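Since the structure comes first, as structure tokens, the remarks are kept for the end.
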Amino acid sequence: MTKRELAPSFIPADVEPRLYSHWVESGYFTADSASSKEPFTIVIPPPNVTGNLHIGHALDQTLQDCLTRMKRMQGYEALWLPGMDHAGIATQNVVEKQLAAQGLTRHDLGREEFVKKVWEWKAESGGQILGQMKRLGDSVDWTREAFTMDETLSQAVLTIFKKLFDADLIYRAERIINWCPRCLTALSDIEVEHQDDAGEFVSVRYGDGEQSIVVATTRAETMMGDGAVAVHPDDPRYKHLIGTEVLLPLVNRMIPIIADELVDPDFGTGAVKVTAAHDPNDFEMAVRHNVPFVVIMNEHGVMADTGTEFDGMDRFDARVAVVAKLKELGRVVEEKRPYIHAVGHCSRCDTTVEPRLSKQWFVKVAPLAKAAGDAVRDGRVKIEPAELAPRYFDWIDNMHDWCISRQLWWGHRIPVWYGPNGEVVVVGPGESAPAGYEQDPDVLDTWFSSALWPFSTLGWPNETADLKKFYPTSVLVTGYDILFFWVARMMLFGLFAMDGVPPFGTIVLHGLVRDQFGKKMSKSKGNVVDPLEFIDKYGADALRFTLARGSNPGKDQALAEDWIAGSRNFATKLWNATRFAIMNGATVEGDLPPLDSLNAIDKWILSRLSETTAEYSELLNTYEFARASEVIYHFAWDDLCDWYLELSKEAFATGNAESTKRVLGFVLDQLFRLLHPLMPFITEELWTSFTGGETLMSAAWPIVDTSHLDKTSENLITELQRVITEVRRFRNDQGVKPSQKIPGRFIAPADIAQYSSAMAFLLKLDLVDFTPSASVEIGSVKCELDLSSAIDIDAERSRLEKDLATARKDLATAEVKLNNQGFMAKAPESVVVEIRERQAAMTADIERITAQLAALK
RNA sequence: GGACGAUUGGCUCAGCGGUAGAGCACCACAUUGACAUUGUGGGGGUCACUGGUUCGAUCCCAGUAUCGUCCA
């Protein structure tokens, strides 16, 4: 490769597609399982096959790509494995919707045809997100792309199912499960979202006279399924009724009054109806007290088999009708409406979930969850940030058995076959069911296969080279919102399947992307943003840098278009600085000149670079993306562009910059490397153009050179900066235009005086003989100027008075401390010294400013 | 009800036992010399409240208030 000229401005759309194809074609993303390098592995949280890239993916993937690219440059065999999830319910819904448009249901097609249709849909319009990931610059290994319904991943599902079944960790049972009457399937606990809905709370009298009791309910329609009324055993109001029976209205059935600790005597009337087949708590009590299960609703949430006028009514219509009827009968004692309470909704379609008695397959989680909790407790798996670990424990230590069967067609069919006489056989990979057996019609929860992702994608259960090289994965990066859905489940299955080796070393949890005011993005609020639009408008690097810069561990971030524009400006800044450097002959050829031959400005930028490299690398290693971004941003913009380039302009202008050309070349080269994980496109373009190198992707990560650390030069440049800022301020106060050259000179100690011409160059001062009409004093430095007219005394006085006030205030605070005996006795020596120095400096300043003020008259 | 977190300039957020920071926004000046997607200078905060610990608290502790998220 050869060095190229840079275009006058950076146009991301001209650069990004070209670079990305080049990267892929060159195989830079492809990891080698035969390599002797230490592995670094990340598996992507698989997006849904139905999904499009949203801003949350953009954040998640930016962080993963950043880590992967950095590790690759640090010499690891880095694998970032991409893929997708078949997303059972979501995908089935999409295809069913298409069928519905033609007036068809999946039953019209039949199971086999329908599943075929879903595969066709996947081939045609699924997986759009993969193309969108390329826009972001994701350095994923496309040769290893996986899909949860792939043959090998399906083998993994069969294998683990059988393994769990044989270990008695999978069982079938009739339980109350969460049922979506629209999707017509069971849901796991976490697929249910609780919302505060406005319902009603109705108190109804059961029985009559002495033999009566008032129960309160939000679900009056279920009363026809009541098998008992429950009270707390110690409740004095009802003690005498325990063991007796009351008449259940509407159906006129006698039901017992039972006592159970589960009842909260302070809630409602302290008496609750027990509807065993339609409520999980009631189910538990019913089992304890032998209360009968009365089913009064079908799978569509329609009342059925009650033998009343309500049969055939939708559950919500029935609720109204039942209350009306009870009122008519004079049985309603009290009504609260609206009554705000938490109601479960299907996370896929938002339909109110109906607890339903049903026979389903479950994973017995207790032993698995114990292991999953212990792996974090004993430090084999770290959760970052640590504050989120209690949330993990809270959940995993109290996890209920996991309902894994779904009454869907799209997904991994449960590998259980039933014989004619009720035999149950689990059919593992490569096995087949005995003749005449029929397979369970249900499929597995999508998260069942996702839970295998860190090893099923590497070829498990086969002992592949990939599995050997890349398992366990290094880091799992994901939003805290799917800690339970996915992360915890990978822990359960990973530890079980892989003989106790946890699926990852560190779990890095980031927050959600919110709108510019910190509000949650939602379609209804209309504040959802499209990352692709931002990429079109500002470039992928700008979006990535913005997201990384906002990403504090485990915390949500606000995002505004203005911030992205700011990052685009940063990219422009880098582009222009590099053009300037090239124009002035900056180079990466040859060795860096010996340090002692360099001027303080060059030594200073090298020192700052070393500090920045150390700090930045450490921050990225600890997943502090926001702070890392901040550090590198300020190094590039403030230290390099605003100060180093400015201070070096005089050297370039006078042709006395041989060393500086090499130092600048070195600093840019290193800066591009550091920034590459966050801004891969622009850094690649700049670096290859500037150095003529093949690719920055495989360039070595900068190493901190401690010999470059130089506090003397840093202190000196800090002094120069103070002087320059003060003179600029003076010029500004005096109304001297920034571009106007005026005569000036410095009276300063030798180490500073040495840089008079550099300072004069950027202060637009002419170092000629003149009679000064004004001066500015900054510590030991005096800058004399010729304003060619009388100075603005008012402006000068107000400037000096302001400085004086500040100095006096600072002196006062310092003296309060020094006069405090407690402070003098107990404060560390270093702090005392610092305050003493401050006192001396402020005293000197006050003296100087006072003299200047006096001289103004 | 339980768990966790937050409360810092107009907005969004860092930070932290020893003189309050950033980005954006705001005000002023500047357009032949990398960059107006810019430069320079400037204004702006009693760090939610009340106690406590400490020589010293925005920071640690306790309580209060408000807000948020997750779980039940």
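Excluded from the calculations below are hydrogen atoms, water molecules and symmetry mates; all remaining heavy atoms, backbone and side chain alike, are included. Here is the naming used below: chain letters follow the sequence lines, and residue numbers restart at 1 for every chain. Everything numeric here is computed off the predicted structure, so don't read it as measured data.
The pairing partner recorded for B:G45 is none, the criterion being a Watson-Crick or G-U wobble arrangement whose two distances lie under 3.5 angstrom. B:U37 makes up no base pair with any nucleotide shown, lacking Watson-Crick or G-U wobble contacts both under 3.5 Å. Base pairing of B:U69: its partner is B:A3, meeting the Watson-Crick or G-U wobble criterion (both donor-acceptor distances under 3.5 Å). A 3.5 Å limit on both hydrogen-bonding distances identifies B:G10 as the Watson-Crick or G-U partner of B:C24. Across all strands shown, B:A62 forms a Watson-Crick or G-U wobble pair, both distances under 3.5 Å, with B:U50. If you check B:C55 for Watson-Crick or wobble pairing at under 3.5 angstrom, you find it paired to B:G18.
Contact annotation: A:K737 does not reach the phosphate of B:C29 (side-chain N/O to OP1 or OP2, under 4.0 Å).
Residue A:W637 has its side chain nearest to B:G39 when only B:G39, B:C4, B:A34 are considered. The side chain of A:P738 lies closest to B:A30 when the candidates are B:A34, B:U69, B:A30. For A:W395, the listed nucleotide lying nearest its side chain is B:C71; candidates were B:G23, B:C71, B:U38. Side-chain atoms of A:D642 lie closest to B:U40 of the nucleotides B:C70, B:U40, B:C4. Closest to the A:N820 side chain, of the nucleotides B:C55, B:U37, B:C4, is B:C55. Residue A:H634 places its side chain closer to B:G23 than to any other of B:A34, B:G5, B:G23.
Summarising the geometry, the separation between CD on A:Q740 and P on B:U31 is reported as 11 Å, rounded to the nearest angstrom. The distance between atom OH of A:Y392 and atom P of B:C70, rounded to the nearest whole Å, is 20 Å. In this structure, NZ of A:K764 is placed 8 Å from C1' of B:G33, rounded to the nearest angstrom. Rounded to whole Å, atom C1' of B:G56 lies 13 Å from atom CG of A:L818. Nucleotide B:A22 holds its C1' atom 16 Å from the CG atom of A:D562, rounded to whole Å. What separates CD1 of A:I682 from C1' of B:U37 is a distance of 11 Å, to the nearest Å. Put simply, NZ on A:K802 is 11 Å from C1' on B:G44, counting in whole angstrom units. Rounded to an integer number of Å, the gap from CZ of A:R799 to C1' of B:A28 is 17 Å.
Taking atom C1' on both nucleotides, B:G15 is separated from B:C55 by 24 Å, rounded to a whole Å. The same atom, P, is picked in B:G17 and in B:C26; the two are 35 Å apart, to the nearest Å. Nucleotides B:A6 and B:G63, compared at atom P, are 16 Å apart to the nearest Å. Taking the C1' atoms as reference points, B:U19 lies 12 Å from B:G56, given to the whole Å. Comparing B:C47 with B:U7, their P atoms are spaced 13 Å from each other, to the whole Å. Going from the C1' atom of B:G9 to that of B:G39 covers 24 Å, rounded to whole Å. B:U69 and B:C59 are spaced 24 Å apart, taking the C1' atom of each and rounding to whole Å. Of the P atoms belonging to B:C61 and B:G5, the separation is 11 Å, rounded to the nearest Å.
In this structure, A:R489 satisfies the cation-pi test against A:W402, with its NZ or CZ atom closer than 6.0 Å to the six-membered ring centre and inside 45 degrees of the ring normal. Annotation: cation-pi geometry not satisfied between A:K555 and A:Y480 (NZ/CZ under 6.0 angstrom from ring centroid, within 45° of ring axis).
Within the nucleic acid shown, A:T725 comes within 4.0 Å of sugar-phosphate atoms alone, with no base atom in reach, counting heavy atoms only. The residue A:F761 sits close to a base: some heavy atom pair falls under 4.0 Å. Across all strands shown, A:R729 has heavy atoms under 4.0 Å from sugar-phosphate atoms exclusively, and none from any base. Residue contacts shown for A:Q734 are absent, as no nucleic acid heavy atom lies under 4.0 Å away.
A salt bridge is defined here as a Lys NZ or Arg NE, NH1 or NH2 lying under 4.0 Å from an Asp or Glu carboxylate O, and A:E834 with A:R838 meets this definition. Checked for salt-bridge contact, A:D803 and A:R729 meet the test: a charged N lies under 4.0 Å from a carboxylate O. Taking 4.0 Å as the cut-off between side-chain N and carboxylate O, A:E354 and A:R219 count as a salt-bridged pair.
Taking the six-membered ring where the residue is Trp, A:F690 and A:F672 present perpendicular rings, their angle passing 60° and hence far from 30°. Relative ring orientation between A:W637 and A:F570 is described as parallel, the plane-to-plane angle staying below 30° on a 0-90° scale split at 30° and 60°.
Heavy-atom distances to RNA chain B give each of A:S739 and A:N584 a nearest nucleotide, and the one nearer the 5′ end belongs to A:S739. Comparing A:N576 and A:E630 against RNA chain B, the residue whose closest nucleotide sits nearer the 5' end is A:E630.
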### Message
I'd like to compare against my own output: the B/S/- annotation of nucleotides 9-20 of chain B with a strict under-4.0 Å heavy-atom distance to protein.
### Response
---S-S---BB-
### Message
Please determine whether salt bridge (Lys or Arg N to Asp or Glu O under 4.0 Å) holds for the pair A:K537 and A:E561, giving the CA-CA distance in whole Å, both sets of side-chain angles, and the decisive distance to 0.1 Å.
### Response
CA-CA 10 Å; A:K537 204 164 166 188; A:E561 184 162 351; 2.6 Å; yes
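Atoms CZ and CG, on A:F730 and A:L787 in that order, are 5.0 Å from each other to the nearest 0.5 Å.
A side-chain donor-acceptor contact under 3.5 Å links A:D669 and A:W687.
Contact of A:R568 with B:U37 (side chain to base): a donor-acceptor pair of N or O atoms is detected under 3.5 Å.
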